[in-house]
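This report refers to the structure that appears directly beneath it.
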Amino acid sequence: MAFILAATGSAVGLGNIWKFPYIAGENGGGAFVLIYLLCILIIGIPIMMAEIMLGRRGRQSPINSMRTLATEAKASRYWSWLGWLGVIAGFLILSYYSVIAGWAMAYVVRVASGVFEGATADGVSHIFATFVADPEKLLAWHSLFMIVTMLVVARGVKGLERTVKFLMPALLAILILLVGYAMERGAFEEGVSFLFKADFTKMTSEGVLTAMGHAFFTLSLGMGAIMVYGSYLPSKVSIGSTTMLIGLADTVVALLAGLAIFPIVFANSMEPASGPGLIFQTLPIAFGHMAYGSIFGTLFFILLVFAAWSSSISLIEPAVAWLVENKKMSRMRSCIWAGLVTWGVGIGTVLSFNLTADVTFFGKTFFDILDYLTANIMLPLGGVCIAVFAGWVMSEEDSVKELSLKRQWLYKTWLFLVKFISPLAVVIVFLKSIDVI
């Protein structure tokens with residue numbers, strides 16, 4: 001249960017409530033959602049099982065686990081680079097994740113003070129635009145979030161599952177409440193149609209890559225987090241059933257977020273493809289017009305902060321674990337170094353929304369580049385390598401023992417997916433997105 005709660009806390013975060021709605025909006029809605037769900041089922045779940053399995057068998061940080069497992073399988077020592085890829089991806093994601101989580105912290109104060117009471121869509125958009133245009137405020141909130149994250153990591157994560165045990169159900173309850181509000185006050189039918197009616201004419205190869213990348217992002221795959229949590233998992237726990245529970249919870253939260261947000265978007269004539277600021281420009285409208293909106297809004301953004309917090313802890317844990325194991329640093333000193341470097345890189349994301357918003361490379365800001373590099377390249381690449389190692393390098397005898405699936409056909413299905421389907425799907429979509437095929 002501790003593992004399920006911690007891994008669910010890692011998976012359920014800003015990716016579900018902040019990122020999923022806006023990338024679904026940017027990629028046409030229903031067709032994107034369908035492809036995303038398929039990616040979760042045939043790519044995400046099998047690779048998550050593989051990553052947990054590698055972590056539990058290695059029982060170390062991702063880098064050292066892969067080195068140990070490669071030695072055990074008499075494979076190249078360069079497989080340890082897979083561990084490095086995950087650690088670096090998690091570090092880069094946290095650098096901008098912290099900035100967005102800082103927005104959520106700032107909105108706790110704004111909603112609680114009644115700023116959004118009776119506000120119009122234009123008024124809410126103006127408040128958000130003014131906020132992100134101020135680099136000093138963004139930097140302050142980014143710094144605060146990084147400090148609270150590293151304080152928890154420095155003390156260890158033994159108490160994390162107790163926190164998540166209450167936070168996740170509370171977040172789910174408030175999301176359901178918001179869906180109820182959207183049904184009553186929003187353009188609910190239009191929102192449902194946008195989210196679930198598939199129009200494949202709106203999909204592009206880059207949209208498919210985005211859906212696949214988000215499947216990795218939202219399940220925390222390929223970034224070392226699930227592997228390091230797997231290293232803490234008792235050997236008697238079923239990897240298959242726990243993975244299915246985590247995947248189900250993660251998907252339900254993402255879909256509920258879409259059902260809460262898109263009806264409000266359409267009811268207020270807003271643009272669903274409005275990018276990273278979508279959640280900060282739609283939900284405040286709902287909170288500003290519903291009874292006890294300030295209370296519910298404050299609770300929602302507090303819980304969003306905590307959901308982001310539990311994810312952030314898992315993002316930095318692989319790097320901290322490696323520093324403790326290899327550099328013989330104390331946990332506190334490892335956290336200070338890892339936190340400072342992450343915070344420094346995050347300043348680039350802070351400035352992407354104001355002072356350097358016009359500085360782009362290939363049409364992308366610093367934030368856009370980090371987001372694209374990690375979600376669309378590093379995580380899928382890491383996922384392919386995990387699948388290849390689990391399916392082709394690791395012996396079947398070892399994987400059968402670790403997975404302990406009760407029925408032979410379940411193991412054969414998993415093995416077929418990680419050997420052939422998952423890697424092939426990732427490679428084809430990736431090559432298509434860069435116009436190689």
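One is the number of the first residue; the rest follow in order along the sequence. Heavy atoms only: backbone and side chains are in, while hydrogens, waters and symmetry mates are out.
Side chain of Thr356 to backbone of Leu351: a donor-acceptor contact under 3.5 angstrom is found. Within the 3.5 Å criterion, the main-chain N or O of Pro62 finds no donor-acceptor partner in the side chain of Ser65. Not one N or O on the side chain of Thr218 forms a donor-acceptor pair closer than 3.5 Å with the backbone of His214. Judged by distance alone, with hydrogens and angles left aside, the side-chain atoms of Asn27 form a donor-acceptor pair with the main-chain N or O of Ile23 at under 3.5 Å.
For the atom pair OG1 (Thr342) and OH (Tyr96), the distance works out to 13.0 Å, reported to the nearest 0.5 Å. We find the CD1-CD1 distance between Ile246 and Ile226 to be 6.0 Å, quoted to the nearest 0.5 Å. Separating the CD1 atom in Ile313 from the CG atom in Leu94 is a distance of 10.5 Å, to the nearest 0.5 Å.
Ring planes of Phe266 and Phe194: perpendicular class, angle over 60° (limits at 30 and 60°).
Here Arg331 does not pair with Glu325 in a salt bridge; the nearest charged N to carboxylate O distance is not below 4.0 Å. Salt bridge Lys19/Asp371: present, at least one basic N to carboxylate O contact under 4.0 Å.
No side-chain heavy atom of Tyr229 sits less than 4.5 Å from a side-chain heavy atom of Ile52. Looking only at side-chain heavy atoms (C-beta outward), Val132 and Lys137 stay at 4.5 Å or farther from each other. Between Phe20 and Val33, some side-chain heavy-atom pair lies under the 4.5 Å cut-off. Contact annotation: the side chain of Leu283 approaches that of Phe300 to within less than 4.5 Å [non-hydrogen atoms, C-beta and beyond]. Residues Leu405 and Met49 have side chains in contact (heavy-atom distance under 4.5 Å, counting atoms from C-beta outward). In this structure, Leu41 and Leu37 have side chains that are not in contact, with every pair of non-hydrogen atoms separated by 4.5 Å or more. Looking at Phe287 and Tyr107, their side chains never come closer than 4.5 Å, going by heavy atoms from C-beta outward.
Taking the centre and axis of the six-membered ring of Phe32, the NZ or CZ atom of Lys202 falls outside the cone set by 45° and 6.0 Å.
In summary, of the residues considered (Leu417, Val418, Leu424), a side chain to side chain contact (heavy atoms under 4.5 Å, CB included) with Ile421 occurs for Leu417 alone. Partner of Trp103 under the ring-ring contact (aromatic ring centres under 6.0 Å, His included) criterion, chosen from Phe145, Phe353, Trp18: Phe353.
Of all non-hydrogen atoms in Trp309 and Val152, the two that sit nearest each other are CZ2-CG2, 3.1 Å. For Leu323 against Ala338, the heavy-atom pair with the smallest separation is CD1-CB, 4.4 Å. Scanning both residues, Trp141 and Gly102, for their nearest heavy atoms gives CB-O, 3.5 Å.
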